[in-house]
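Everything quoted here is computed from the prediction, not taken from an experiment. Throughout, protein chains are lettered first and strands after them, A, B, ... in sequence-line order, and every chain is numbered starting at 1.
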Amino acid sequence: MGQRIVVDPITRIEGHLRIEAEIKDGIIVDAYSSGTMVRGIELILKGRDPRDAWAFTERVCGVCTTVHALASVRTVENALKITIPPNAELIRNLMFCTQYMQDHVVHFYHLHALDWVDVVSALKANPAATSALAQSISSWPRSSPGYFSDVQKRVAKFVESGQLGIFANGYWGHSAYKLPPEANLMAVAHYLEALEWQKEIVKVHTIFGGKNPHPNYLVGGVPCAINIEESNALNAERLAYVGTLLAQAKDFINQVYIPDLLAVASFYKSDWGAIGGGISNYLAYGDLPTNGYEDVSSFKFPRGIIMNRNLSEVIPVDGTDPDQIQEQIAHSYYDYSDGDKGSKHPWEGETKLNYTGPKPPYESLNVSEKYSWLKTPRWKGHAMEVGPLSRMLVGYASGKDEYKEVIHYALQKLDVPVTALFSTLGRTAARGLESVLVAKWSTEFYDQLLANIKNGDTRTFVADKWDPETWPSEAKGVGMTEAPRGALAHWIRIKDKLIDNYQLVVPSTWNASPRDQNGNLSAYEAALIGTPIADPENPLEILRTIHSFDPCLACAVH
Amino acid sequence: MSTKKPTIYEEVRAAGYSRRDFLKFCGTMAAMLGLEASGVAQVAKALETNSRIPVLWMHFQECTCCSESFIRSSHPIVADILLDKISLDYSETLMAAAGHQAEKSLRDTMEKYHGKYLMLVEGSIPTGNEGYCCIGGRSAESIAKEVAAGAKAIVAWGNCASAGCVQAADPNPTGAKPIHKVITGKPIINVQGCPPIAEVMAGVIVHLLTFDRIPQLDGLGRPKAFYSRRVHDTCYRRPNYDAGLFVQSFDDENARRGYCLYKMGCRGPNTYNSCGVIKWNNGVSFPIQSGHPCIGCSEANFWDNGPFYQHLQSFPGFGIEDTADKIGVGLGVVTGVGIAAHAISTNIRKHKQIVEGQEESNDENI
Amino acid sequence: MKNSAKKPVISERYVWELPVRFYHWINALCIVVLCVTGYLIGRPPAIQSASEASFSYWFGTVRFIHFIAAFVFFFNFVYRTYWGFVGNKYARWYNFIPYKKSQWKEILCVLKVDILQITNKRFSTVGHNNLAAFTYFLTFLAFAFQSLTGFGLYAAMSNSFFPQLFAWIIPILGGDFMARQIHHILMWFFILFAMVHVYLVFYHDYIERTGVTSSMIGGWKFVEDDKEDTK
Ligand code: HEM
Ligand code: HEM
Ligand code: NFV
Ligand code: SF4
Ligand code: SF4
Ligand code: F3S
Ligand SMILES: [Mg+2]
């Protein structure tokens, strides 16, 4: 028997995640991932107006805010056979891209960077050398020695105050930190800059959806009307505002995020390019339609599955097939009406809470029984990894040039083989690379929107199925999207104008779920196995791999 | 040690902002807090002399959008103050430490600053079963009670902590409760909204830092500075309301002219928030400006006031669309029919009496 | 049966004093106005007009009328409450609250005679019969609640001290939304009440020939002399 370590709370994530790991000879040999908070949103949705569901599900998560709203309106539109106007699709795409850019940058700098960057070491940096480093990798203007010196003084002052705030009790000085002080200082400066920048890009949501977090969506289109002759609607000023924000975002991603990402990766590639690969199946539902949501072939993010890391084949996936996507609860705190063994397609899904874990306060979970609030999703019985890496791999394997370009660029720059993608570092890199694509696409969508308006098409909503009187007495639908953290879908059953059943299967549910009824591990647990732990008291390495997935537990459990 | 600590003003200067920037910020803050011009000096003085107050930001049943909203706080200097000038000693979203180290950060502050720290709460507390929300193997309720015991004041962020929010919506499967239903004997400020506006969150913190006292609260515990007016009363579409110009359907002619969204179910007339004044994300827009009716997100139980796209609630037990008016009209018809039936029956069953009565009056008329 | 036995002697009796009559008609008028304007506030009609908002204020006017009528209605009601303590015996509060066994008996009797019409027996109240009185009592409660919710809502739109006296009701109800919901539902209570009430008034005249209808105008009712006041 090895040594059992517990990390709870896992911080710098969304939500309440607990990891228990068995360590033997400095290596993790077994791991358990547990979501420790539940709200029961699926139960709350029953009996409500399907047109309201987006608002409820959006509140599943404020970090990936919007994606559940998007999945929800699509689900209802799918059930009621509504096709939204092209402008509405473009505006949804722009909000989608905005979400990616903000979420990925915040993840990299504010949630993930401190796993790689030693803030305290930044104090030892030479500002002039930092400036030289920064200028060698990017043309970003804020890079003078004076700038870095100011940042350094500010950090020094902060540390001297004795009140370390969010940096207190970090793993500073841990042997697994490898960046030189200059790189650390550069990263700290960009931590602060990114904090400023992220609140700018979300203004795209504010313009189209009225606020962020939690902008407004609408079944049948988008709520904002276009009228270039009116100060009360989307007009030239509003659209120009969006254009400026998108341009700034593109600059930030290309000139700050990506250079920093590659710089950090170059110091960690030799080990972390081979650690944390985990399961070898990748699933993406795809998104960013360019010819309507019904036309999957038009998606910028293609839909498909890669099995066993075989990049020469992309297998199709069908959300409506009762035998493909299913959820199990053998290790989850739920009851199924026909017993705990069994897999249910979400249209037949059940959510009955039944906590059978240890009574708090507890030291350890009973991992041989139920140990998490996440259900365990499976595709034809297989565990799947979802997220940026899956999207990039499916895009790459689908033979799309844009994907090949960015992936080859990164692999070349870091001088690593394609197999380095199947790792903790690969996951983190994929997130950055897709941000580059998304930033580029967002300007395409923007131009298309302007072109439509110029051609006189200002429609943003279809009203014909708005009135519940026009609905069939029974309908069911599925709405799929790619959330920043991966494949997301909602399933609905509508009966007599009300929600009869509503089920969410969320990216972090796929990745962070407990093992299935046959004992097969899901992505987090599998990825941890084999990870070296230098100091069990300070398990920094666990955070690295877990953070590479960008966990969201409020999403995962809901 | 505390005398050596730099004040917020010193830190701001050290961060490269001028005194002018600083005073400008104080002015904005004072205006947001609804202070007179003399208040600016008060804000400036307080920020110049107080040092960083330890803050413990607790997460329970939530979606983290309150944290997300908070980091959107826009006047750059506010982001700096809130991330650097308070001492955010515990925040599961942002803190470097995890696991035992994170718990140590929490304990350290609770011990060292007992009675002096601020407790900020994001999320509701489940009371149905302790297992519904655990952190570090302990239940949300026990953690909340322990941290609250040494807190100087509690700020309940957002609808979750103030009113239970979405997870407390019917049938409230986890027995989710707002913080004021679980903690007693401490001043609690309900900073409502789902989420609250970033600058409102910042404004409340600055109020506490500056004046070292609880802001004036309304009947539902919300700071009056930000929640004393209805969205409706500060909505720029209001002239359309008064003129009776309403959007009839999304994206109709009227929607494109920016008419009032009342008939699309707008909750602005029943909702107290600063959306029309401060607006969102540094004054860019707010829900109504972007064409969607207010859903009332700063009101307790707004989730159960639905459906959102109709003016009043549906009747429980009837379908959607069945509002008081439909049922009222129905009852009116039933009543009318009842009256008619009664009148007919009267003429039959009381025939004799009626005839007698007529005879009597005929007699009298003679 | 009694009524066929002998011819009763009829005399006139002064039942409704002038203040009650005034109250009644002001109240009736206010309620009609409040229901119409209230309904419009809740469900404004679709006016498809290309006009600019600044040219028109009709919806604001509707609300304004509602608030004016509300004040008249409220003080009229306060006044009637006072008269319930000082007015004649027919106006007194004790008539309205069924606290005596005999009152409940009469309610039952009225139900049988007038509503279900299972018997033709006559009963003998001069003022309100006890069922009517009890209904009015419920109506008075509804008046009170409508005023509470109405002025509670109004408090947020007014700087005057008076509506502020009602502001406390809103947090108790959990917010404006619930207050409006209740306020709106109560409108239907008044509409239904008015329908039944007006019908029954005419019905009694038709059956009993006591001049109820005109009594609210002139104050006098015709009463058979052998009838005892139950009060
Ligand atoms: C029999 C008496 C009354 C009736 C039938 C009545 C009816 C109504 C109705 C149906 C509404 C619309 C509610 C909605 O759907 O949102 C309304 C609104 C309102 N009523 Fe009354 N009401 C009465 C008395 C009062 C009184 C005494 C007040 C006191 C000031 C009052 C103040 C209000 C206010 C403030 C509103 C909201 C108006 C707005 O937000 O624009 N009402 N009333
Ligand atoms: C054509 C219209 C109406 C007529 C002829 C009428 C007549 C009368 C009569 C005769 C009474 C005395 C009833 C009795 O002896 O039991 C009465 C009482 C009353 N009516 Fe009406 N009514 C009319 C409309 C209304 C309306 C619209 C309302 C308001 C909803 C109303 C509210 C009341 C109330 C509250 C009383 C009790 C009065 C008191 O004791 O102060 N009436 N009405
Ligand atoms: N997992 C997850 Fe989400 C995302 N991305 C949603 O679908 O984070 Ni809150
Ligand atoms: S109040 Fe709303 S926004 Fe804030 S945590 Fe709760 S659900 Fe999220
Ligand atoms: S849009 Fe809403 S808040 Fe604005 S005036 Fe109309 S009803 Fe009021
Ligand atoms: S929905 Fe919320 S954000 Fe403001 S406009 Fe309404 S209170
Ligand atoms: Mg689910």
If I measure from the heavy atoms of chain A, does [X] come under 4.5 Å with its side chain, its backbone, both, or neither?
X: D304(B); value: both
X: N129(B); value: side chain
X: I295(B); value: side chain
X: C275(B); value: neither
X: A102(B); value: side chain
X: F60(B); value: backbone

Proximity breakdown for [X] and chain B, heavy-atom pairs closer than 4.5 Å:
X: A233(A); result: side chain
X: K153(A); result: neither
X: T65(A); result: neither
X: E537(A); result: backbone
X: L543(A); result: side chain
X: V63(A); result: both
X: L553(A); result: neither
X: I44(A); result: both
X: V6(A); result: backbone
X: R18(A); result: side chain
X: Y241(A); result: side chain
X: D115(A); result: neither
X: T458(A); result: both
X: A113(A); result: neither

**Prompt:** Do the side chain of R237(B) and the main chain of C260(B) share a donor and acceptor less than 3.5 angstrom apart?
**Reply:**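 It does not hold such a pair.
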**Message:** Whether the side chain of E20(A) engages the backbone of S364(A) through a donor-acceptor N/O pair (distance < 3.5 Å, no angle test) should be reported.
**Reply:**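 Checking the backbone N and O of S364(A) against the side chain of E20(A), no donor-acceptor pair under 3.5 Å is found.
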Does a side-chain heavy-atom distance below 4.5 Å link [X] with [Y]?
X: T93(B); Y: T11(A); value: no
X: R238(A); Y: S285(B); value: yes
X: Y117(B); Y: D89(B); value: no
X: I288(B); Y: C266(B); value: yes
X: R48(A); Y: D170(B); value: yes

Do [X] and [Y] sit within salt-bridge range, that is, some charged N less than 4.0 Å from a carboxylate O?
X: D108(B); Y: K104(B); answer: yes
X: R72(B); Y: E68(B); answer: yes
X: E130(B); Y: K359(A); answer: yes

Heavy-atom pair count under 4.5 Å with chain A, highest-scoring of [options]:
options: A168(B), A255(B), G136(B); value: G136(B)
options: C297(B), S67(B), A96(B); value: A96(B)
options: P171(B), G258(B), C134(B); value: C134(B)
options: Q289(B), M264(B), H59(B); value: H59(B)
options: P293(B), A176(B), P54(B), S290(B); value: S290(B)
options: G137(B), G99(B), G291(B); value: G137(B)

**Asked** So with a 6.0 Å cut-off around NE2 of H100(B), is the heavy-atom count from everything else above 12?
**Response**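 12 or below, so no.
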**Prompt:** When you look at R256(B) and D252(B), which way does the salt bridge (Lys or Arg N to Asp or Glu O under 4.0 Å) test go after all the steps?
**Reply:** CA-CA 6 Å; R256(B) 292 181 187 170; D252(B) 67 0; over 6 Å; no
Out of [options], which one racks up the most heavy-atom pairs below 4.5 Å with chain B?
options: S34(A), A554(A), P213(A), A225(A); answer: P213(A)
options: I41(A), L218(A), N169(A), N227(A); answer: N169(A)
options: I19(A), L164(A), L43(A); answer: L43(A)

**Message:** Checking W373(A) against Y333(A) for the ring pair (Phe, Tyr, Trp, His ring centres under 6.0 Å) test, could you report, in this order, the C-alpha distance in whole Å, the side-chain angles of both residues, the deciding distance, and whether it holds?
**Reply:** CA-CA 6 Å; W373(A) 279 113; Y333(A) 306 128; 5.0 Å; yes
**Prompt:** Are W54(A) and H292(B) near enough that their ring centres are under 6.0 Å apart?
**Reply:**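 Ring-ring flag for W54(A)/H292(B): true, centres closer than 6.0 Å.
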**Prompt:** What orientation do H110(A) and Y191(A) show, parallel under 30°, tilted 30 to 60°, or perpendicular over 60°?
**Reply:**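 The rings of H110(A) and Y191(A) stand perpendicular, inter-plane angle above 60°.
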**Message:** D52(A): which residues meet the side chain to side chain contact (heavy atoms under 4.5 Å, CB included) condition with it, sequence neighbours left out?
**Reply:**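 Listed in chain order: D49(A), F56(A), P307(B), F308(B), Y309(B).
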**Item:** Residues K497(A), E469(A); criterion salt bridge (Lys or Arg N to Asp or Glu O under 4.0 Å); working and verdict
**Value:** CA-CA 8 Å; K497(A) 299 170 191 154; E469(A) 297 302 328; 3.4 Å; yes
